[in-house]
2 protein chains.
Amino acid sequence: MANILDVAVHAGVSRTTVSRVINDNDRVDDETRNKVLKSMKELGYRPSRLAQSLRKQKTGMIAVLVSRVSNPVNSILLQGIEDEAAKHGYNVILCNTENDAHKELKYLKMSQDQQVDGIIMTGIRNDYELVQSFEQYGPIVMISQYTEHDIFPAVTVDNFAAAYTATKHLVKLGHRKIGMVSGKRQSMILRDREAGFRKALSDSNIPLIEEWVKETTGFTIMNGKRYVDELFLAEERPTAVFAANDELAVGVIQGVKERGLTVPRDMAVVGFDGQFICTVIEPHLTTMAQPIEQLGSLGMSLLVQKLRGEMIHTQRIVLKTELIIRNSCGAKGM
Amino acid sequence: MANILDVAVHAGVSRTTVSRVINDNDRVDDETRNKVLKSMKELGYRPSRLAQSLRKQKTGMIAVLVSRVSNPVNSILLQGIEDEAAKHGYNVILCNTENDAHKELKYLKMSQDQQVDGIIMTGIRNDYELVQSFEQYGPIVMISQYTEHDIFPAVTVDNFAAAYTATKHLVKLGHRKIGMVSGKRQSMILRDREAGFRKALSDSNIPLIEEWVKETTGFTIMNGKRYVDELFLAEERPTAVFAANDELAVGVIQGVKERGLTVPRDMAVVGFDGQFICTVIEPHLTTMAQPIEQLGSLGMSLLVQKLRGEMIHTQRIVLKTELIIRNSCGAKGM
DNA sequence: ATGAAAGCGCTAACAC
DNA sequence: GTGTTAGCGCTTTCAT
């Protein structure tokens, strides 16, 4: 591969001039420029981004940490992120943390070693004290999740309000025995969703039965089913369930159906996220939809702003959620 | 940030020695090594991968080109790829080509500029002549897809045989009016699937009705529904459909159900891929499952081999598919 | 408008 | 076993 010196010699100018042509922010005589351009073309020259990066101390790389890409929500988030990154000339390094604190740290250090220009995190598994120093690894923006005291700028939805509304929907339909199935409680947004759920019940003077409120190991259909299994161990069951995510909701529906019962008649279910799975399950899932791809693209553009050194006035950008009413609660159009 | 010279000075040795400690493949006196290690720790030194890359002409980066990450199959592929990459110390750059020839080329050039160590492609949109010179951008391995004349080593399944088996399954159930809905025909594996489908019919002396064999713009539920719409325009319809992918199959099922008809009674459906969506749709989808995550990890390890300069004896690694019989064909256990 | 020279941070010959 | 030196390919003062 031809390098900048080859081009310079070929065009009969100095490397500096060639560099000026490449970066074209400096004044170069039109004639010289054309000469250089011609040489570059003839030699098939392409500047080494490695060398540029080393010199400029900018790589044009963004590390994106997700639990697993294969998680549907994460993959959509990533879609939004990569699209937006490409628009600004950034490349995305994919990092699967597997929700593991060590891997999270490993990728953070890699980001520093690699001198990525920025880091996007979609969750955090390390402890608060450690997290406070995370920006030593690079400028960070959070998407979907956020931290206590808003250590990093974040793009999220109002999970409390969304959960509140979703739960209220069940209340309005007349339910007074309502349960909730969630993922790992340690994440801020799941705490918010649970808090919203609890507030909606107390505001409605509905007693909260702790046995009906369960944490699970994660957002899977299987965990939704298991929740139903546990529910059926007891004498009394809720007539409605708020699931903290669509997959859990699907699991609940399947669990109920497997017992020969009917959704929503025997059990109403409302989900969270609004992915495509909602209209595959029967009955179609009523859900609190969040604009996932937009969370990704907006988060990325927030990071771009930050990298440009523009003041970030917003510590948190909150996007709108929307309750999409389908058939899993028995309330078409209400 | 401390650099290698800082460490050298601090430890009272030369940069070379520090470098030797970092890469520890060279003999260094134990005492010296400890001195250096101590200095590194005290200064919080981490070697710049940028500088290392420039010097070694190796970046430890792999570019992965997919149409869109948000496509479920792609995201699982990527999961397998990134996992395996991490095991070998490689990082993955995510590239969404949107099935666009220009973007494909853009990312390929970026790969070259960035001096990635290798490239994984999961599809190709450019013309054969151009593709032949693609390795100028870096060492390439293909996953899932492959090219004519096997230009690049590839990890795939036998799509012809798989489609043949899937179709034969419908035949064995007594169907003689069978249609097929596919994605873009330009891809090799879709051609194979269609060829397998056609062969299965002709081997069974079943007439092929061209009106029932349709190409669509891509693997979406909507396109599956549209296929059913077209089917219902005609007097006569197939009693069974082979869908080239699970999403299309789900669309077909939904389309049939929306007309008040029943799957599998009025229309049997078999899919392809074997993702989780199969057990969400009602009835559960009989499908030709391929080991998607394994395709990814195996493809990545093939690339690693290639980068190590090991002879690649296999031009194509073919993984097993498996027909998973559920309820969309009315043949539990047959 | 152009060039000379220094240097980003590291590794690899080669010498001792 | 350790150090000297050159150089990976580029950008950026500072001159002219």
Practice problem: Please work out if A/Ser53 contacts a base, only the sugar-phosphate, or nothing of the nucleic acid, heavy-atom cut-off 4.0 Å. | Solution: nothing
Self-check item: Aromatic ring proximity A/His10/A/Tyr45, centre distance under 6.0 Å
Solution: no
Self-check item: For atom CZ of A/Arg27 and atom P of D/dT12, their distance in whole Å
Solution: 13 Å
Quiz item: What's the CG-C1' distance between A/Asp30 and C/dT2, to the nearest Å?
Solution: 15 Å
Quiz item: Are any side-chain N or O atoms of B/Gln294 and backbone N or O atoms of B/Pro291, one a donor and one an acceptor, separated by less than 3.5 Å?
Solution: no
Quiz item: For A/His102, does the NE2 atom have more than 12 heavy-atom neighbours from other residues, nucleotides or ligands under 6.0 Å away?
Solution: no
Practice problem: Given side chain to side chain donor-acceptor pair (under 3.5 Å), test A/Tyr146 with A/Asp192 step by step and report yes or no. | Solution: CA-CA 11 Å; A/Tyr146 65 101; A/Asp192 291 348; 2.5 Å; yes
Practice problem: Using a 4.0 Å cut-off on protein heavy atoms (strictly under), produce a 5'-to-3' string for nucleotides 8-16 of chain C with B for base contact, S for backbone-only sugar-phosphate contact, and - for none. | Solution: BBBBBBB--
Exercise. Give the rounded distance in Å between these two atoms: CG of B/Asp113 and P of D/dC10.
Key: 10 Å
Quiz item: More than 12 non-hydrogen atoms from neighbouring residues, nucleotides or ligands closer than 6.0 Å to NZ on A/Lys184, yes or no?
Solution: no
Quiz item: Has A/Thr17 got a side-chain N or O lying under 4.0 Å from the OP1 or OP2 atom of C/dT2?
Solution: no
Quiz item: Once you round it to whole Å, what is the distance between C1' of D/dG1 and CG of B/Asn34?
Solution: 15 Å
Self-check item: Residues, nucleotides or ligands: over 12 heavy atoms within 6.0 Å of A/Lys58 NZ
Solution: no
